[in-house]
Structure formats: C-alpha cells, structure tokens
There are 2 protein chains.
Amino acid sequence: MSTIGKALALLDTLSRLDKEAGLTDIARQCALDKATARRFLVELEKHGFVEQDPDTRRYRIGSAPVRLARIREARFPFLRVAIPFIEALAESSTETVHLSEFAGGQLSTIHVEDPPRAHRIIIDVGSLLPFHATASGLAFLAFCPRAEIDAALKKPLEKFTDYTVTDPRLLLTMLDETAARGFSIIDQGLEAGVISTAAPVRSPSGRPIGCVAIAAPLSRTNTAAIHEFGTQAAAAANAISEKYYGSERPTGTIAKLRRTD
Amino acid sequence: MSTIGKALALLDTLSRLDKEAGLTDIARQCALDKATARRFLVELEKHGFVEQDPDTRRYRIGSAPVRLARIREARFPFLRVAIPFIEALAESSTETVHLSEFAGGQLSTIHVEDPPRAHRIIIDVGSLLPFHATASGLAFLAFCPRAEIDAALKKPLEKFTDYTVTDPRLLLTMLDETAARGFSIIDQGLEAGVISTAAPVRSPSGRPIGCVAIAAPLSRTNTAAIHEFGTQAAAAANAISEKYYGSERPTGTIAKLRRTD
DNA sequence: AAACTATGGTTCAAATATTGAACCTTAAGC
DNA sequence: GCTTAAGGTTCAATATTTGAACCATAGTTT
C-alpha cells in the first residue's frame with residue numbers, strides 16, 4: 001500500500017476511535033510501527049489534519065477537514081439538499097430514516113433523522129454499511145456496473161445475524177429484484193429485529209452516490225408497509241437526485257442501465 | 001518533502017481552486033509530474049478525499065472530509081461554540097466580524113458575519129491571513145512562544161499595500177503592544193482603506209488556537225472606536241475560550257506567558 | 001529510593017516505494 | 001483524416017520510507 005494510503009487509513013482509524021488516542025495506541029490500531037505512525041502524525045499535523053493536545057500528548061482529528069468540508073458542501077451541497085427530504089420522510093413514515101454516501105470504497109451514514117417515538121432504530125452518523133447485509137448496501141450495488149457487484153460479492157461476506165444472506169448467488173437474485181423494484185429490502189441482515197428498505201440517489205450518469213433508507217422494528221411492520229416505505233424512499237431518493245443535479249434525470253431506465261454497464 | 005505532505009498540499013491546492021480541475025492543471029499548479037499527481041489523486045480518491053467526475057474526468061474535493069469534519073465538530077465544537085459570539089459582536093459593532101483558526105501552519109478564516117450595512121468589508125471563508133499583515137495574524141503571533149514569532153518574521157514578508165509593515169523590528173514592537181493591550185490593530189495592512197482589530201482565542205495552556213477580528217472601513221472609524229472594537233473582540237475571544245474549554249482559564253498572565261515561553 | 005514498566009519520541013542503515021521522461025490512448029478541433 | 005491536447009501508463013533510476021533498537025520521562029511497585 002502507498003504511504004498516502006497508509007496515512008489516510010491512520011486518519012480514518014483515528015476518526016473511528018471513541019476519543020483522543022496516544023501514539024502507541026494509534027500505531028497498534030493501524031498495525032504500523034511506532035516510528036512510522038509518529039512520522040505520519042507529524043506530517044498530518046503540519047497540514048492540520050490531526051492535532052496533538054499539548055498537555056496530554058494525545059492526537060485527535062484536526063481542523064483542516066472542517067475547511068475542506070465547507071468547500072465541498074459549498075460546491076456540492078449534498079447534505080443541504082438532502083436533509084429536508086430525509087426529515088420529511090422521517091415524519092411521514094414515523095420510522096428512523098438515514099442517508100448514506102459512497103466514499104473511499106465504503107458506504108457511510110452521513111445523516112440520521114429519528115422519529116419522535118420511544119421505540120425506534122438507532123443508527124449513528126459515521127457508521128459503515130456493509131454492502132451485502134444492509135438495505136442501503138444492496139440498493140447501492142443494484143445500480144452499479146456488474147464488475148463492481150462481482151467485486152463486492154467476491155469479498156468475504158460476514159454473517160452478522162442468523163438472517164444475514166452471505167450466498168453470492170442468492171444476493172445476485174436480490175440485487176435483480178432490487179433493480180427491478182427500485183428499492184431494496186433487507187430483513188434483519190445486520191441487526192436482529194430490524195427490517196430496512198433503501199433506494200439509491202444517483203448522478204445524471206446513473207451511478208449511485210448514496211442511499212436513502214428507512215429502518216423499522218420488525219415487530220410493527222408487514223409486507224405492505226415495507227413496500228410502501230420502499231416506494232417512499234425511492235421517491236425521496238429521486239427527488240434528492242433531481243434537486244441536487246438540477247432537472248437532469250438519470251439517463252436510461254433501470255433495466256437499460258443494468259444491461260449496458 | 002514527504003509524500004504525505006505533497007499529497008495533502010495537492011488537496012489544499014485543489015480546495016483553493018475556484019472549480020473542478022483536470023489532471024494536467026492540477027499537476028502544473030502543484031508543481032508535480034503528471035504521473036505523480038495522478039497517483040496521488042487515485043490514492044486520495046480511494047479514501048474519498050477527492051472525487052473524479054465520471055463524465056468530465058475533472059477532480060474535486062470528496063466527501064471524506066465532510067465525515068471527518070462532523071467528527072471533529074462533534075468532539076471539538078469550535079464553530080458551534082464560537083458563532084453565537086461572532087454574531088453578537090457583528091450586531092453590536094455593526095461591522096464585519098470574522099473568526100479564524102490556526103491549522104497546518106496557517107491562519108484560515110472559518111466564519112464571517114456581515115453586518116446589515118451596505119458599505120462593509122467583505123471577507124471569504126477559507127481565505128488565509130498573513131501573520132504580519134493582518135490583525136488576526138498579529139494577535140495570534142503576539143501570544144505565541146518567542147521561537148514561533150521569530151520563525152514567522154524570518155520568512156519573506158509580502159508588502160500588500162503601501163501601509164503593510166514588513167520590518168521585523170517594527171513588527172516585534174507591534175507584537176509587544178498587542179500582548180500588553182490584549183488585542184491587535186492593523187491599519188490597511190492587507191487591503192487599503194480597511195482597519196482591523198483582533199484578539200486570540202486561547203487554550204487553557206495559553207496557546208492561541210484562532211482569532212476573533214473586526215474589520216471596518218477606515219473612513220468611518222477613529223482611534224477611540226477602534227480601541228472599543230478591540231476591547232470587544234478581546235472580550236468575545238475570552239468568552240469563546242471560556243465556553244469552549246469549560247471554566248478553565250488560560251494559565252498565567254499575558255506578560256508571564258511572553259516571558260516564560 | 002532503586003527497579004520496573006509503559007509511553008512518547010528519535011536514529012540510521014537496509015528495504016522499499018516514489019519518481020518522471022517517454023510512451024500510449026482517446027477525443028475534440030480543424 | 002490529420003493535429004493537438006488531455007488523460008492515463010510504464011519501468012529503470014532514485015529518493016523516501018521503514019523499523020529494530022535506542023533514549024527520555026513519568027508513574028508505579030517493591
């Protein structure tokens with residue numbers, strides 16, 4: 001792996017820790033030599049990507065990403081555009097609605113709207129969504145080129161619950177259904193007792209950039225309700241896509257996209 | 001320079017461009033070989049720090065910084081804490097108030113509040129503040145250890161206007177005045193017709209982490225008004241510091257800090 | 001208080017990744 | 001259909017990265 005990759009992986013690891021971490025800790029978590037980790041941290045600090053607390057000597061994410069994020073959001077205001085739709089969907093569905101974005105080969109949760117209910121699904125911003133075990137992952141993959149689907153299904157597929165589907169053939173069938181329907185459904189794939197449905201937000205070229213998903217307790221849903229949620233998620237995803245990219249629409253139909261890619 | 005440093009410098013350059021840029025452009029702007037720039041971009045893209053538009057093949061800042069920024073702000077909510085004070089100051093002073101943060105060896109503007117007046121100073125979020133030519137830069141340096149002051153004044157000091165002070169000896173005197181007074185004043189150092197005053201937000205250890213600054217048209221200010229603004233900026237900076245770090249106060253007096261560092 | 005341990009931080013020869021001139025490919029312009 | 005320019009790739013030469021061993025400091029145990 002390149003040096004840059006290792007340094008960025010360190011940054012990612014640091015960001016996923018619950019709190020500030022010391023040098024030895026960081027080196028261990030990243031499987032790097034202490035000297036290497038230190039040089040990376042010093043270099044990242046020079047550019048403001050990490051900060052070292054002068055008292056505790058522990059490291060934390062710096063402020064450079066905040067500046068970059070502002071620029072990114074100013075030019076490419078995905079959150080700003082999407083959040084109103086997510087809020088509306090949370091209100092109408094009275095279930096947890098979350099938005100994910102594809103970046104760095106992973107699908108990450110970037111926003112969550114909780115419904116005002118005592119019993120609801122809790123999802124954290126920043127959490128990663130496995131492609132094979134979440135509605136978002138499936139919805140994302142279903143509209144990707146075949147090569148990327150195969151690549152994703154070739155990796156080891158972790159079994160999170162008794163219901164997690166890990167058979168690539170079966171997953172392919174589910175992807176076909178998702179593509180045909182326009183939204184995915186995953187029954188307890190990541191967490192027991194939770195059923196989810198999701199639809200992709202796509203760029204004008206048809207490529208998915210993220211997903212809108214609704215997660216509900218299995219105990220208070222039925223097939224009809226889930227299909228209704230899926231339809232609503234797909235509508236929200238399309239609305240976000242349209243607002244985000246202007247009135248350009250994804251080229252071609254879903255079926256055509258899957259064939260030509 | 002390390003590979004990581006070069007890659008992060010590329011990211012910084014990309015963020016400062018007005019719009020998305022092509023490979024050749026980026027390579028030229030960063031003084032890198034095309035092959036090198038490409039490898040960096042590919043590596044940065046893998047981790048979500050840049051994105052390549054699939055149609056135009058141009059590159060832009062990716063979404064990874066947005067995720068990192070969320071984490072940073074959740075753990076270290078500088079903007080969230082500071083903005084109310086900046087807003088209040090803009091309202092009471094009826095001039096442009098801006099907040100800067102030190103990161104990666106530079107002082108960058110991270111927030112600006114414009115007053116509701118037709119004639120006002122315009123400052124962009126993201127703009128860099130030279131240490132010797134801005135009130136923020138001076139206020140920051142004045143509370144830094146002597147070694148850092150010397151390092152900053154040793155660099156070539158650009159003359160932005162006829163009024164920019166570039167004599168290190170004179171600047172040192174101004175820094176002493178700033179430290180004694182608690183806020184800096186710069187008369188047309190960066191832009192003709194603009195006078196500014198600033199005070200540092202400091203961590204409990206006394207180290208500046210950023211500045212609160214007020215910028216006003218020279219034509220409608222006088223010495224008394226500027227001193228009043230300076231006092232207000234210092235009060236806001238201290239209030240931010242206190243709220244941000246809890247009730248811990250910067251250790252020692254200003255004079256002591258300057259001597260012992 | 002001496003010995004121990006854990007952490008942050010540093011060094012330098014050996015190992016490895018990076019570099020860039022030259023090359024290929026594609027697409028637009030004429 | 002030729003020319004130009006941009007994106008992208010290759011591989012030997014080269015500069016950077018690596019990590020075992022080291023030092024320094026602070027807290028803890030005996």
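Bear in mind the structure is a predicted one, so any value in this text is a computation, not a measurement. To find a chain, count down the sequence lines: A is the first, B the second, and so on, and within it residues start at 1.
When each of D:dT17, C:dG9, D:dA20 is scored by its nearest atom to the side-chain atoms of A:Thr3, the top-ranked nucleotide is D:dT17. Among the nucleotides C:dT18, C:dT10, C:dT19, the one closest to the side chain of B:Phe40 is C:dT19. In this structure, of C:dG9, C:dT19, D:dT9, it is C:dT19 that holds the atom nearest to the side chain of B:Thr36. Picking from D:dT17, C:dG9, D:dG7 the nucleotide with the shortest atom distance to the side chain of B:Thr24 gives D:dG7. Side chain of B:Lys6, nearest nucleotide from D:dT9, D:dT18, C:dT19: C:dT19. Of the candidate nucleotides D:dG8, C:dG9, D:dA20, D:dA20 has the atom lying nearest to any side-chain atom of A:Ala35.
We find that CD of A:Glu43 is positioned 12 Å from P of D:dT16, with the value rounded to whole Å. What separates CG of A:Asp33 from C1' of D:dA21 is a distance of 10 Å, to the nearest Å. Distance A:Gln52 CD to C:dT7 P: 16 Å, rounded to the nearest Å. Going from atom CD of A:Glu45 over to atom C1' of C:dG9 covers 13 Å, rounded to whole Å. Atom-to-atom, CG of A:Leu23 to P of D:dA26 comes out at 17 Å; the value is rounded to the nearest Å. In this structure, A:Leu41 atom CG and C:dT10 atom C1' are separated by 15 Å, rounded to whole Å. Look at CZ on A:Arg57: it is 10 Å from C1' on D:dA24, rounded to the nearest Å. What separates CD of A:Glu20 from P of C:dG8 is a distance of 13 Å, to the nearest Å.
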Problem set entry | Worked verdict on B:Thr109 versus B:Ser127 for side-chain hydrogen bond (donor to acceptor under 3.5 Å, both in side chains) | CA-CA 5 Å; B:Thr109 306; B:Ser127 57; 3.1 Å; yes
Exercise. Please walk me through it: do B:Arg146 and B:Asp150 pass salt bridge (Lys or Arg N to Asp or Glu O under 4.0 Å)?
Worked result: CA-CA 6 Å; B:Arg146 182 60 194 248; B:Asp150 290 340; 3.0 Å; yes
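Side chains of B:Arg67 and A:Ser15: a donor on one and an acceptor on the other come within 3.5 Å.
Residue order along DNA chain D, read from the 5' end via each residue's closest nucleotide, puts B:Asp25 first among B:Arg39 and B:Asp25. Two residues, A:Gly22 and A:Ile4, neighbour DNA chain C, and the one matched to the more 5' nucleotide by heavy-atom proximity is A:Gly22.
Residue side chain B:Lys34 reaches the base of D:dG8 through a donor-acceptor N/O pair under 3.5 Å, judged by distance alone.
Here the options are A:Lys46, A:Arg58, A:Arg60, A:Arg57, the test is salt bridge (charged side-chain N to carboxylate O under 4.0 Å, His left out), and the partner is A:Glu51; only A:Arg60 passes.
Contact between the side-chain N/O atoms of B:Tyr59 and the OP1/OP2 oxygens of D:dA6 is not found at any separation under 4.0 Å.
Residues A:Phe160 and A:His132 bring their aromatic ring centres within 6.0 Å.
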